[in-house]
A.B. asks: 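The structure is given below, and queries will be raised subsequently.
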Amino acid sequence: LTLSGFNQYTGNTTVSNGTLRLNYTGGGTIPSSNSITINGGILRVSTDQTINNLTLTSGSLIVDAGATLTITGTYTTGSGFIQNNGTIEMKGSALQSFPGVTVTVTSMNNLIVNNNFGVNLNKSLNVGGVLTLTAGTFTVGANTLTINNPIAGTPNNLSANNTSSVTIAGTAAGVDLPSSVSQLNNFTISNTVGTYLQGNLNVGGTMFISAAAGTVEADFSVTLNGGNLTMQGGELKLGKNGVVLPELTGLYNLTGGTVTFDGVGIASDAQTVRPVNYFNLTSSANGGDRILSSTGTIGIANVFTPAIAT
């Protein structure tokens, strides 16, 4: 059933079988105060639609490219599927959780968090389009959030803790972890451009830089308590002065990539090279001093570039 005009009926719509397509050009197909329950059928949103409550018991929610589904009430799930090729906006008047513990997300293009009471992630989610944080806190919790484009809106509305994991993926430039995130369980960088850390970060699990990754610039503290640093490629560029670097005190597995010492400190403010096994090790030609640790062994499997400032 395709609804291509404006429908004035009120109350709850239940989709138990088949497909209900909302496709009214120029406004919502049904009143924004209406609620929808998907219980075995398919709800397809082809044009912008605001609704009150959405219940996904089973079946599928499909949001077409170019369309935005805005949920201003409650969002309740049992199981089911979400295929978001457009935009979903969480705009409730109370705390919302998304996308659903037992829901299967086949695609998640754009996601907008616009809820003053906040939105909690309750399952790992890969946002392939743009994550926009307009209002309220978006809490990752004990899940993995993957972002492929720069966070829009207010990036510092993103909240995470030592059970949370974040992956910086994709090919876009400027995909950065905001300074509001100061601790993570796992931190993965596969973005081909790389990322720039906006503040101090404590990683309790594994910091993983993939073979496809670009440059990870860290002018702040990146500490690792009991976890690992794994590099298969990319570059970890360290700019903090006056400390032993990397500040990751866990296990190192550096089978590719380059660790670059990029500080400008001299004498007592110099960077000290931690005695671990590196793949490539580089010292930038920027005038900063480097101190080789007096204990342990510094191993270099591939190329050592002891640049000389000119």
A.B. asks: Less than 4.5 Å apart, any side-chain heavy atom of Ser164 and any of Asn185?
C.D. replies: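 Not touching, per the 4.5 Å side-chain cut-off.
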A.B. asks: What are the two closest heavy atoms between Asn122 and Ser97, and how far apart are they?
C.D. replies: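 Minimum heavy-atom contact is ND2-CB, 3.5 Å.
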A.B. asks: Answer yes or no: is there a donor N or O on one side and an acceptor on the other, between the side chain of Asn110 and the main chain of Val130, under 3.5 Å?
C.D. replies: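 Looks like yes, one N/O pair under 3.5 Å.
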A.B. asks: Can you tell me how far the CG atom of Leu236 sits from the CG atom of Leu248, to the nearest 0.5 Å?
C.D. replies: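 So the gap between those two atoms works out to 7.0 Å.
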A.B. asks: Apply side-chain contact (heavy atoms from CB on, under 4.5 Å) to Phe304 and list each qualifying residue two or more places apart in sequence or on a separate chain.
C.D. replies: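 Checked Phe304 against side-chain contact (heavy atoms from CB on, under 4.5 Å); matches are Leu281, Ile300, Pro306.
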A.B. asks: Is there side-chain contact between Ile36 and Leu22, with at least one heavy-atom pair below 4.5 Å?
C.D. replies: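 Sidechains of Leu22 and Ile36: in contact.
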A.B. asks: Does any donor atom in the side chain of Asn53 or Thr74 lie under 3.5 Å from an acceptor atom in the other side chain?
C.D. replies: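 Asn53 vs Thr74: donor-acceptor pair found between side chains.
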A.B. asks: Could you see if Val276 belongs to whatever hydrophobic cluster contains Val259? Use Ile, Leu, Val, Met, Phe, Trp, Tyr and a side-chain cutoff under 4.5 Å.
C.D. replies: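 Hydrophobic grouping puts Val276 with Val259.
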A.B. asks: Please report the interatomic distance CE(Met231) to OG(Ser210), rounded to the nearest 0.5 Å.
C.D. replies: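 If we round to the nearest 0.5 Å, Met231:CE and Ser210:OG are 10.0 Å apart.
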A.B. asks: Is it the case that the side chain of Arg290 and the backbone of Gly263 share a donor-acceptor pair, with hydrogens and angles ignored and the cut-off at 3.5 Å?
C.D. replies: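 The answer is yes, because a donor-acceptor pair under 3.5 Å joins these two groups.
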A.B. asks: Donor-acceptor check, side chain of Thr29 to backbone of Asn23, threshold 3.5 angstrom: yes or no?
C.D. replies: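 Checked: pair present.
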A.B. asks: At what distance, to the nearest 0.5 angstrom, does OG1 of Thr192 lie from CD1 of Ile168?
C.D. replies: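 Spacing of OG1 (Thr192) from CD1 (Ile168) equals 12.5 Å.
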A.B. asks: If I compare all heavy atoms of Leu197 with all of Ala218, which pair ends up nearest, and what's the gap?
C.D. replies: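 Distance-wise, the nearest heavy atoms are CD1-CB, 3.9 Å.
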A.B. asks: Just do the side-chain contact (heavy atoms from CB on, under 4.5 Å) check on Met90 and Leu111 with the steps written out, would you?
C.D. replies: CA-CA 8 Å; Met90 305 300 291; Leu111 176 64; 4.3 Å; yes
A.B. asks: If we only count heavy atoms from C-beta on, is the Asn12 to Thr55 side-chain gap below 4.5 Å?
C.D. replies: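 Side chain of Asn12 against side chain of Thr55, heavy atoms only: no contact under 4.5 Å found.
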A.B. asks: Using the rule that Ile, Leu, Val, Met, Phe, Trp and Tyr join whenever any side-chain heavy atoms are under 4.5 Å apart, tell me whether Val103 and Leu95 fall into a single cluster.
C.D. replies: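 No, Val103 and Leu95 fall in different hydrophobic clusters.
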A.B. asks: Using 0.5 Å steps for rounding, measure from the CE atom of Met207 to the CD1 atom of Ile209.
C.D. replies: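 That separation rounds to 4.5 Å.
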A.B. asks: Quick one, Arg44 and Thr2 - any side-chain contact, counting heavy atoms below 4.5 Å?
C.D. replies: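 Not in contact.
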A.B. asks: Please check: side-chain N/O of Gln271 versus main-chain N/O of Lys240, any donor-acceptor pairing under 3.5 Å?
C.D. replies: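 Flag set: sc Gln271 to bb Lys240 pair under 3.5 Å.
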A.B. asks: Hydrophobic clusters join Ile, Leu, Val, Met, Phe, Trp and Tyr when side-chain heavy atoms are under 4.5 Å apart, directly or via other members; which others share one with Ile62?
C.D. replies: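 Joined to Ile62, directly or through intermediates: Ile42.
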A.B. asks: Kindly indicate, with the supporting measurements, whether the criterion side-chain hydrogen bond (donor to acceptor under 3.5 Å, both in side chains) is fulfilled by Thr223 and Asn202.
C.D. replies: CA-CA 5 Å; Thr223 56; Asn202 186 299; 3.1 Å; yes
A.B. asks: Side chain to side chain donor-acceptor pair (under 3.5 Å) with Ser190: which residues, sequence neighbours excluded?
C.D. replies: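 Partners of Ser190 by the side chain to side chain donor-acceptor pair (under 3.5 Å) criterion come out as none, since no residue qualifies.
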A.B. asks: What residues join Phe6 in its hydrophobic cluster, counting side-chain heavy atom gaps under 4.5 Å, either direct or through other members?
C.D. replies: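 Phe6 shares its hydrophobic cluster with Tyr24.
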A.B. asks: Can you name the side chain to side chain donor-acceptor pair (under 3.5 Å) partners of Thr13, sequence neighbours left out?
C.D. replies: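 For Thr13, the residues satisfying side chain to side chain donor-acceptor pair (under 3.5 Å) (neighbours in sequence not counted) are Tyr9.
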A.B. asks: Would a distance-only check, ignoring hydrogens and angles, find a side-chain to backbone donor-acceptor pair under 3.5 Å from Gln96 to Tyr75?
C.D. replies: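 Looks like no, no N/O pair under 3.5 Å.
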A.B. asks: Can you sort out the partners of Thr230 under side-chain contact (heavy atoms from CB on, under 4.5 Å), two or more places apart, ordered by chain and number?
C.D. replies: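 If we apply the side-chain contact (heavy atoms from CB on, under 4.5 Å) test to Thr230, skipping adjacent residues, the hits are Thr206, Phe208, Asn228, Asn253.
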A.B. asks: Determine which pairs satisfy side chain to side chain donor-acceptor pair (under 3.5 Å) with at least one residue from residues 145-155, sequence neighbours left out, and list them in order.
C.D. replies: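 Passing the test, one end in residues 145-155: Asn126-Asn148.
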A.B. asks: So, do Leu131 and Leu145 sit near enough that their side-chain heavy atoms are less than 4.5 Å apart?
C.D. replies: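 SC-SC contact between Leu131 and Leu145 confirmed.
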A.B. asks: Could you walk me through whether Leu54 and Ile38 pass the side-chain contact (heavy atoms from CB on, under 4.5 Å) check?
C.D. replies: CA-CA 8 Å; Leu54 177 63; Ile38 307 170; 4.1 Å; yes
A.B. asks: Please check this pair: side chain of Asn52 against backbone of Ser35, looking for a donor-acceptor N/O pair closer than 3.5 Å.
C.D. replies: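 No, because the side chain of Asn52 does not come within donor-acceptor range (under 3.5 Å) of the backbone of Ser35.
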A.B. asks: Between Glu247 and Ser221, does any side-chain donor sit less than 3.5 Å from a side-chain acceptor?
C.D. replies: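 Side-chain D/A pair, Glu247 to Ser221: present.
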A.B. asks: Using the side chain to side chain contact (heavy atoms under 4.5 Å, CB included) definition, which of the options Asn120, Val105, Val113, Val119 pairs with Phe98?
C.D. replies: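 The residue from Asn120, Val105, Val113, Val119 that satisfies side chain to side chain contact (heavy atoms under 4.5 Å, CB included) with Phe98 turns out to be Val119.
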A.B. asks: When rounded to the nearest 0.5 angstrom, what is the spacing between OG1 in Thr77 and CG in Leu56?
C.D. replies: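 Interatomic distance, Thr77 OG1 to Leu56 CG, rounded to 0.5 Å: 6.5 Å.
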A.B. asks: Can you name the nearest heavy-atom pair linking Asn114 to Ala135, along with the distance?
C.D. replies: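 Shortest heavy-atom contact: OD1-CB, 3.5 Å.
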A.B. asks: Just jot down the side-chain contact (heavy atoms from CB on, under 4.5 Å) partners of Lys123, sequence neighbours excluded, or say none.
C.D. replies: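 If we apply the side-chain contact (heavy atoms from CB on, under 4.5 Å) test to Lys123, skipping adjacent residues, the hits are Pro99.
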A.B. asks: Output the distance between atom CG (Leu3) and atom OG1 (Thr47), rounded to the nearest 0.5 Å.
C.D. replies: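 The OG1 atom of Thr47 is 10.0 Å from CG of Leu3, to the nearest 0.5 Å.
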A.B. asks: For Thr215, enumerate each residue passing the side-chain contact (heavy atoms from CB on, under 4.5 Å) test, keeping only those at least two apart in sequence or located in another chain.
C.D. replies: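 Thr215 satisfies side-chain contact (heavy atoms from CB on, under 4.5 Å) with Glu217, Glu235, Lys237 once adjacent residues are dropped.
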A.B. asks: How far apart are the closest heavy atoms of Pro246 and Tyr278, and which atoms are they?
C.D. replies: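 The pair with the smallest heavy-atom distance is CD-OH, 3.5 Å.
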A.B. asks: Taking all non-hydrogen atoms of both residues into account, name the closest pair between Pro155 and Gly153 and its distance.
C.D. replies: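 Pro155 and Gly153 have their closest heavy atoms at CD-O, 3.2 Å.
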A.B. asks: Answer with yes or no whether the side chains of Asn39 and Ser16 bring together a donor and an acceptor at under 3.5 Å.
C.D. replies: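 Per modelled atom types, Ser16 and Asn39 side chains form no pair under 3.5 Å.
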A.B. asks: I'd like to know if the side chain of Thr37 reaches the main chain of Val15, judged simply by a donor and an acceptor atom lying under 3.5 Å from each other, with no hydrogens or angles considered.
C.D. replies: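 No, because the side chain of Thr37 does not come within donor-acceptor range (under 3.5 Å) of the backbone of Val15.
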A.B. asks: Is there side-chain contact between Leu61 and Leu69, with heavy atoms separated by less than 4.5 Å?
C.D. replies: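 Yes. Closest side-chain heavy atoms under 4.5 Å.
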A.B. asks: Okay, side chain of Asp289, backbone of Gly265: is any donor-acceptor separation there less than 3.5 Å?
C.D. replies: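 Such a contact is absent between Asp289 side chain and Gly265 backbone.
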A.B. asks: Among residues at least two apart in sequence or on other chains, which ones pass ring pair (Phe, Tyr, Trp, His ring centres under 6.0 Å) with Phe220?
C.D. replies: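 Expected list: none.
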A.B. asks: Table please: side-chain donor-acceptor pairs of residues 173-182 below 3.5 Å, with sequence neighbours left out.
C.D. replies:
from	atom 1	to	atom 2	distance (Å)
Asp176	OD1	Thr195	OG1	3.2
Asp176	OD1	Tyr196	N	2.9
Ser179	OG	Asn156	OD1	3.3
Ser180	OG	Asn156	O	3.3
Ser180	OG	Leu158	O	2.7

A.B. asks: For Ile266, which fellow cluster members are found when Ile, Leu, Val, Met, Phe, Trp and Tyr are connected by side-chain heavy-atom distances below 4.5 angstrom, either directly or through intermediates?
C.D. replies: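 Hydrophobic cluster check, Ile266: no partners found.
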A.B. asks: Start with the C-alpha distance between Asn286 and Asp262, add both sets of side-chain angles, then the distance that settles side-chain contact (heavy atoms from CB on, under 4.5 Å), and finish with yes or no.
C.D. replies: CA-CA 7 Å; Asn286 57 10; Asp262 194 46; 3.2 Å; yes
A.B. asks: Using a 3.5 Å distance criterion without hydrogens, assess whether the side chain of Asn109 forms a donor-acceptor pair with backbone atoms of Asn84.
C.D. replies: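 Side chain of Asn109 to backbone of Asn84: no pair is present.
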A.B. asks: Between Pro275 and Thr297, is there a side-chain heavy-atom distance shorter than 4.5 Å?
C.D. replies: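 SC-SC contact between Thr297 and Pro275 ruled out.
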A.B. asks: Please determine, by modelled atom types, if Asp64 and Ser46 share a side-chain donor-acceptor pair under 3.5 angstrom.
C.D. replies: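 Judged by distance alone, the side chains do pair up.
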A.B. asks: Please determine whether side-chain contact (heavy atoms from CB on, under 4.5 Å) holds for the pair Ser293 and Val273, giving the CA-CA distance in whole Å, both sets of side-chain angles, and the decisive distance to 0.1 Å.
C.D. replies: CA-CA 6 Å; Ser293 176; Val273 180; 6.0 Å; no
A.B. asks: Less than 4.5 Å apart, any side-chain heavy atom of Asn241 and any of Val264?
C.D. replies: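 They are in contact (side-chain heavy atoms under 4.5 Å apart), so the answer is yes.
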A.B. asks: Does Gln183 use its side chain to pair, donor to acceptor, with the backbone of Gly204 at less than 3.5 Å?
C.D. replies: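 Side chain of Gln183 to backbone of Gly204, a donor-acceptor pair under 3.5 Å: no, none is there.
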